[in-house]
Structures are given as C-alpha cells and as structure tokens.
2 protein chains.
Amino acid sequence: MQENDVYRNLLTQKGLRITDVRVKVLEILDDAESPMTVEDVFTCLRNMMIPANLSTVYRTMDVLLKNGLIAKTTLLDCNKSMYEYKRVEHKHHLVCIACNRMISLEDCPINDEYAREMCRRQGFELTGHKLEIYGLCPKCK
Amino acid sequence: MQENDVYRNLLTQKGLRITDVRVKVLEILDDAESPMTVEDVFTCLRNMMIPANLSTVYRTMDVLLKNGLIAKTTLLDCNKSMYEYKRVEHKHHLVCIACNRMISLEDCPINDEYAREMCRRQGFELTGHKLEIYGLCPKCK
DNA sequence: GTGCATGCAAAGTCTTTGCAGGATA
DNA sequence: TATCCTGCAAAGACTTTGCATGCAC
C-alpha cells in the first residue's frame, strides 16, 4: 500500500477526506499514459471493482481539479473534457487529428519570456500556457 | 458590397452555395476580435436582421470548418466550442482564466523544427499546432 | 427542376444539481 | 457526532439529427 499512501497524503495535505474513489482516481490518472475522459475513468473504476456513480466521478474530478491535483484539457474535435495527473505546472500533447489519440510531451519549447511579453502587452498577469501539436498518428496515416 | 464579395468568392471557391447566413457568419467572424461561440454568432445574426435558426448556425459552422474557412477552439474552463475566421494556418491566444476573455496573438514562438521532432519521435505526421497562454486580464486582476 | 440549405421539433451527449442516506474524521 | 461524500434521479447546457419546405444554381 506504499503507493496509495502518496495519494492519501496528497488528499490530506489539501484538507480533503480520503475515500476509495478519490484515491483510485488519482492512481488511475497517475498510471495513465495520456489524458482520460470521465467515462474512461468511470469504466476503469468498474473494472477495479470500485463501482462509483458517474456523478461521483464528475464531482471527484471537480474536487481534484480545484485542488490542483489533476489538470483539465479539451480537444479540438471532441467536446469532452479530459483529465490527467498533474506532475508539472503545465503539460503539452501530441494529438492525432484522426483518432484523437494523445501523447504527453515532456519537453516545453515555450520560454517564459515570450509568454510574459505577450501578457505585458495586453496587461495580463501570466499564470500558465498550453501547447498542442496536431498530426496523424502511425495508425491513421 | 465589396467586402461581401470576398466571402462570396470564398464560398464559391469551395463549391459551397451562397446564402445570407453563410456570408454573414463569415463577415461576423472576420470582424470579431476574438473567437465567438455559436450563441454569440446567433445573437449577432439576429441583431443584423438575419434571424437564422440555431441549428442552421451549427450546421453553417460545421460546413465552414470542414472547408477550412474558419477554425475551432475550446477553452479550458468552458465546454463550448469557439470559432474564428481563419486568417492563417494556426492561431494562438491569450486567455483570461477568470472571465475567459480571449485575445488573438499574431506572433508564433513555435518553430516547426521542434514540432517536427516531437512528431518524428512518435511516428506522427505533423499537421499543425495550437498554443494558449493563460493569465488574468486587467479587469480580473 | 434538382439538389442543397433551412426551420422546427425532437433527441442525443455530456455535465450539473438536489436531496436523502452513508462514510469519514 | 458533525461534516463531508455518495448514489440516484432529474434537470440543464450544448449539440446533432430527421423530415418537410424553400431557395440557389
């Protein structure tokens, strides 16, 4: 149960109660290679014998998101929200325009100076950024 | 009617029929300073005395999008689709995380080499990219 | 005149909410 | 025990679709 403790601690640190659903959702998203939809997580929970209600999953995502434990993304050709475990401040993806497969990118080519300059010009206070690179994945080429 | 001719020509070039709604939607999006929701465009049409049905506006967006005349975006904290006139191949935005105000950016800090390299590693064929910079706008600071 | 575009209404999908019962601290 | 979490069902928001009518070419 060593890994579970990580998620339990995260929840405790944020002043959130520890429940099976929350711990498992964090675990699922942490293990995922790319962002997941609420439906994906819901199905995953079922398979792990933790049959949570769909609305509970939505509420869980909301709580984890508001507490900064996960991140939210939306794809161009898909109106669903996607969530992923928050490892770093921001995250970038490679997205297949045909099948919507997403691959997370580790690198970040955006230097803060550029973002800061854009914000300065418009009087914005910089908080973050998101980059998506689109293409056709090997299967869809 | 000189400007309208631009939109009429665009439609004709794509083999699409010219209708009041299509021409006006292109004009509205072209005049807009930032991406608009379907609802925004719908209201705008009403004000211009071209009372189209909401579903017609959705269908119009779809046709214009599929023919590459407009571009689609989705914001992080808003599940609505946003559309804008397609002036260039890709588009970047400054987004206020509080009020969702969007400002289009002209510059592009992403060099194709970076995007191409990321694609090469994963076997993707590059088609484009999207960058959003998040912050707090002057009114929301 | 033919084929595509539109209006209208209905349905579909994703997400949110109210309330009562149950679990956590 | 008090508070927060969950399940269930209903509603809400955004979007899509079927069909008959109307318009562009």
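Residue numbering restarts at 1 for every chain, and letters A, B, ... go by the order of the sequence lines.
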Please report the shortest heavy-atom distance between [X] and [Y], naming the atom on each side.
X	Y	answer
B:Phe42	B:Val57	CD1-CG2, 4.0 Å
A:Met36	A:Cys44	CE-SG, 4.4 Å
A:Asp30	A:Tyr85	OD1-CD2, 3.4 Å
A:Val41	A:Ile28	O-CD1, 4.3 Å

* Among B:Ile70, B:Asn4, B:Val6, which one satisfies side chain to side chain contact (heavy atoms under 4.5 Å, CB included) with B:Leu26? -> B:Ile70
Once you round it to whole Å, what is the distance between [atom2] of [N] and [atom1] of [X]?
X	N	atom1	atom2	result
B:Met61	D:dT15	CE	P	10 Å
A:Lys14	C:dA25	NZ	C1'	20 Å
A:Leu64	D:dC5	CG	P	11 Å
A:Leu65	C:dT15	CG	C1'	14 Å
B:Lys80	D:dA13	NZ	C1'	9 Å

* Could you tell me whether a side-chain N or O of A:Asn67 sits under 3.5 Å from a main-chain N or O of A:Leu69, the two making a donor and an acceptor? => no
* To do: Name all residues meeting the side-chain contact (heavy atoms from CB on, under 4.5 Å) criterion together with A:Cys119; count only those two or more places apart in sequence or in a different chain, and write none if there are none.
  => A:Phe124, A:Leu126, B:Leu94, B:Ile133
* What pairs with B:Lys80 under side-chain contact (heavy atoms from CB on, under 4.5 Å), at least two apart in sequence or on another chain? -> B:Thr37, B:Cys78
* Heavy atoms under 4.0 Å is the rule here; annotate nucleotides 17-25 of chain D 5' to 3' with B where the base is hit, S where only the sugar-phosphate is, and - elsewhere. => BB-----BS
* **Those residues that, when tested against A:Lys66, pass salt bridge (charged side-chain N to carboxylate O under 4.0 Å, His left out) (two or more places apart)** => A:Asp62
* What nucleic acid atoms does A:Val63 come within less than 4.0 Å of, heavy atoms only: base, sugar-phosphate, or nothing? -> nothing
* Working to the nearest 0.5 Å, report the span between OG of A:Ser81 and CE of A:Met61. => 9.5 Å
* Asked: Through what angle, rounded to 10 degrees, does the axis of the helix from C:dG1-D:dC25 to C:dA25-D:dT1 turn between its ends, using five pairs per end?
  -> 40°
* Asked: Which residues, if any, of residues 39-54 of chain B bring a heavy atom under 4.0 Å of DNA chain C?
  -> B:Pro51, B:Ala52, B:Asn53
* **Test item: A:His93 and A:Glu84 side chains (from C-beta on) under 4.5 Å apart, heavy atoms** => yes
